[in-house]
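Heads up, the thing below is written out as structure tokens.
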Amino acid sequence: MIIFTYRNYNGNSKALAEKCLKQLYGRDIYISYFGDGKPYVVDENLFISISHTYKDIVIAISDKAVGVDIEYKKSRHYQSIADNMLKKDIIDIDEFYREWTKYEAEFKHGGDNGIFAYFDVFADTQMTVYSEDTIYKFIPMETFIK
């Protein structure tokens, strides 16, 4: 699985994801969206998941289903969100963001046959990946985007 990362991006995430695909495969590959808003790679046996928080973005591309979520860690009343959405008690803000990104990544994956992996790709964020693909290669997009 390739995970592209970019800090301080303020453009179109679909166009950026298509640039990542072109960087990987050397040709134009297109992304579209299902009715529920989930992205998919057109006419290829690839899976993609895109997540952004503020101006930070991550794009996961794999040959297996994948869900990725990244959240900026900010102060908030997390227990009420955890009670309503996660249906569990949370000890602290770090556990909240770990559980929230886990929830989102699994939802984006759309299945129940994955493994969770947690990363701190940026100092003030929490990122979670859910997939059967457990080999990760991180590529900062700044290496090919001007």
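In what follows, every heavy atom counts, from backbone to side chain, and hydrogens, waters and symmetry copies are set aside.
For Glu44, the side-chain hydrogen bond (donor to acceptor under 3.5 Å, both in side chains) criterion is met by Arg27, not counting sequence neighbours. Applying the side-chain hydrogen bond (donor to acceptor under 3.5 Å, both in side chains) criterion to Tyr130, with sequence neighbours excluded, gives no partner residue. The side-chain hydrogen bond (donor to acceptor under 3.5 Å, both in side chains) check on Ser49 picks up nothing, with sequence neighbours excluded. Every residue was checked against the side-chain hydrogen bond (donor to acceptor under 3.5 Å, both in side chains) condition with Asp63, not counting sequence neighbours, and none meets it. Annotation: salt bridge (charged side-chain N to carboxylate O under 4.0 Å, His left out) contacts of Lys73 (sequence neighbours excluded): Asp94.
Pairs passing the salt bridge (Lys or Arg N to Asp or Glu O under 4.0 Å) check and including a residue from residues 119-145, sequence neighbours excluded, read Arg7-Asp124. Here salt bridge (Lys or Arg N to Asp or Glu O under 4.0 Å) pairs that include residues 102-114, with residues two or more places apart or in two chains, are Asp69-Lys108. A ring pair (Phe, Tyr, Trp, His ring centres under 6.0 Å) check over residues 2-28, counting only residues at least two apart or in different chains, returns the pairs Phe4-Phe144, Tyr6-Tyr9. For the salt bridge (Lys or Arg N to Asp or Glu O under 4.0 Å) condition, the pairs that include at least one residue of residues 13-23, sequence neighbours left out, are Lys14-Glu18, Lys22-Asp28.
Within 6.0 Å of the CG atom in Asp43, the count of heavy atoms belonging to other residues, nucleotides or ligands does not exceed 12. Atom CG of Asn45 has 12 or fewer neighbouring heavy atoms from other residues, nucleotides or ligands inside a 6.0 Å radius.
For the residue pair Ser131 and His109, the shortest heavy atom distance occurs at CA-CD2, 4.1 Å. Here the shortest heavy-atom pairing between Thr128 and Ala105 reads O-CB, 3.6 Å. Residues Gln79 and Ile90 share a closest heavy-atom pair of OE1-N, 3.0 Å.
Within the model, atoms CD1 of Ile48 and OG of Ser32 stand 11.5 Å from one another, a figure rounded to the nearest 0.5 Å. Distance CD1/Ile59 to OG/Ser51: 10.0 Å, rounded to 0.5 Å. Distance CD/Gln126 to CD/Glu71: 9.5 Å, rounded to 0.5 Å.
Clustering of Ile, Leu, Val, Met, Phe, Trp and Tyr by side-chain heavy atoms under 4.5 Å joins Tyr72 with Tyr54. Hydrophobic side-chain contacts under 4.5 Å tie Val68 into a cluster, directly or through other members, with Met1, Ile3, Phe47, Val58, Val66, Ile70, Phe119, Val121, Phe122, Met127, Val129, Tyr136, Phe138. The hydrophobic cluster of Phe107 has no other members, since no ILVMFWY side-chain heavy atom comes under 4.5 Å of it.
Note on Leu24: it clusters hydrophobically with Leu16, by side-chain heavy-atom contacts below 4.5 Å among ILVMFWY residues. Val42 and Leu21 are not part of a single hydrophobic cluster, where members link through side-chain heavy atoms under 4.5 Å apart.
With contacts defined as side-chain heavy-atom distances shorter than 4.5 Å, the pair Lys74/Tyr97 qualifies. Put simply, the side chain of Met141 does not reach to within 4.5 Å of the side chain of Thr143, judged on heavy atoms.
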Using the rule given for ring pair (Phe, Tyr, Trp, His ring centres under 6.0 Å), can you reason through Trp100 versus Tyr103, listing the C-alpha separation, both sets of side-chain angles and the distance that settles it, and then say yes or no?
CA-CA 5 Å; Trp100 183 257; Tyr103 172 83; 5.3 Å; yes

Carefully, step by step, assess Tyr33 and Tyr40 under the rule ring pair (Phe, Tyr, Trp, His ring centres under 6.0 Å).
CA-CA 6 Å; Tyr33 293 88; Tyr40 68 92; 7.9 Å; no

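The main-chain N or O of Ile91 is found under 3.5 Å from a side-chain atom of Glu95 such that the two form a donor-acceptor pair.
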